[in-house]
Amino acid sequence: MEKKRIVTGDRPTGKLHIGHYFGSLINRVKLQDEYEQFILVADVQALTDNFDNPEKVRNNVRELVMDYLSCGIDPEKTTIYIQSMIPETTELTIYYSNLVTVARLERNPTVKTELAQKKHVFGENITYGFLGYPVNQAADITILGGEVVPAGEDQEPLIEQCREIVRKFNSIYGDVLKEPEIYLSENKRIKGLDGNDKMGKSLGNAIYLSDTPEEITRKVMSAVTDPNRIKKDDLGNPDVCMVAYYHKLFTGKEDLQKVCEECRAGKRGCVACKKELAQNIIEYLRPMREKREYLEAHPEIIDKVLLEGTAKAKKEAEKIMKKIKQAMKLDYFGNINK
Ligand code: TRP
């Protein structure tokens, strides 16, 4: 039986953190055996809000791939490629742009949240490209026939937008495209060290997969704990403590129970509790850090993964583009070019 296809990816704008890990990477590692997985480095999408900083996007392409390989994505099983090197995606974005209204894009909750974070106002300084990035993302997924998209919860409205475009396309041009589904994690969203609902680079509350033990310790020591607990023997409430929250992710079941019981009974100081957590995170991330160090010393490995992955993705995209152009009556003179 043929394996189902996964298409997913990230913008190369910075290193990945534990929110990415528990939110989507963990699934991509798990699913790569069962599915045929494609992961794209979304440089074109990253440019939609970094067009004036191309260096940043370019420099983060390798960082992203190093994060992927260090956390267990295996290039023997998963095809990793660069979005801008598949021009079929860019071409398809234009075809799709007829199938979506500006009003619908303005209502996309993910787009709205991003604009609010940047304090942008519709109609003023929003570029055509940024407003349209969900259309480009729909092209990413469908140009490779993606059926399943393991991604964080914030991507849900983008997948829904893609599904609508697919339905519209199929109803006009015939049944050519597949409607993808999002695949969410058990831990859909990881909170920040400061208790913010979301861990994020721009929020300054993240632990990166590549952080050193010293950085991890420093960050954990700054995490927000139960504000009502002032002295060590005050009774604590782990439900409102970020340290207890991360213990749930990094500490074994039995030890976790002990952490929570001792905290409630006022028998565990926050400093000791943080030190224990920092140690557990350091150990958890150790293999990733070591793998990354190796990759940093061997950049040729990253080049090879990207070159081979991109060549494979390009071939697949060409096949699907042929069908799309046929359906859209754009297949002039047979299929000389495509
Ligand atoms: N929007 C994703 C992010 O913010 C990146 C992305 C681009 C993507 N194309 C995709 C995710 C296709 C899943 C599927 O990082």
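Whatever order the structure lists ligands and atoms in, that order sets their numbers, starting from 1. Remember, it's a predicted structure, so these values are computed and weren't measured experimentally. Scope of the values below: all heavy atoms of this structure, side chains included, with no hydrogens, waters or symmetry mates. Nothing fancy with the numbering, it's 1 onward along the sequence.
- A salt bridge does not link Lys258 to Glu261: none of the charged nitrogens lies less than 4.0 Å from a carboxylate oxygen.
- Although no hydrogens or angles enter the test, the distance criterion places no donor-acceptor pair under 3.5 Å between the side chain of Asn205 and the main chain of Leu193.
- Nearest protein heavy-atom contact of atom 15 (O) of ligand 1 is Arg11 N, 3.2 Å.
- With a 4.0 Å cut-off on non-hydrogen atoms, Asp154 does not touch ligand 1 at all.
- Taking a 6.0 Å sphere around NZ of Lys291, one finds it holds more than 12 heavy atoms contributed by other residues, nucleotides or ligands.
- Using modelled atom types and a 3.5 Å distance limit, the side chains of Glu160 and Asn108 yield no donor-acceptor pair.
- Separation of the Tyr246 and Phe250 ring centroids does not fall under the 6.0 Å cut-off.
- Annotation: Tyr294 is in aromatic contact with His298 [ring centroid separation under 6.0 Å].
- The part of Gln45 lying near ligand 1 is the side chain, judged by heavy-atom distances below 4.0 Å.
- Ligand 1 is approached by Gly9 to a heavy-atom distance shorter than 4.0 Å.
- Under 4.0 Å from ligand 1, the heavy atoms of Val149 that appear belong solely to its side chain.
- Counting atoms of ligand 1 from 1 in the listed order, those under 4.0 Å from a heavy atom of Leu40 are 9 (N).
- Under 4.0 Å from ligand 1, the heavy atoms of Ala42 that appear belong solely to its side chain.
- With respect to atom 9 (N) of ligand 1, the closest heavy atom belonging to the protein is Asp140 OD2, 2.7 Å.
- At least one N or O atom of Gln137, backbone or side chain, sits closer than 3.5 Å to an N or O atom of ligand 1.
- Summary of contacts: the protein heavy atom closest to atom 2 (C) of ligand 1 is Gln155 OE1, 3.3 Å.
- More than 12 heavy atoms of other residues, nucleotides or ligands lie within 6.0 Å of CD in Glu215, so this atom counts as buried by the packing criterion.
- The atoms of ligand 1 that sit less than 4.0 Å from any heavy atom of Ile141 are 12 (C), 14 (C).
- The parts of Thr8 lying near ligand 1 are both backbone and side chain, judged by heavy-atom distances below 4.0 Å.
- Ionic pairing of Arg11 and Glu114 is present here: one or more N-O contacts between side-chain nitrogen and carboxylate oxygen are shorter than 4.0 angstrom.
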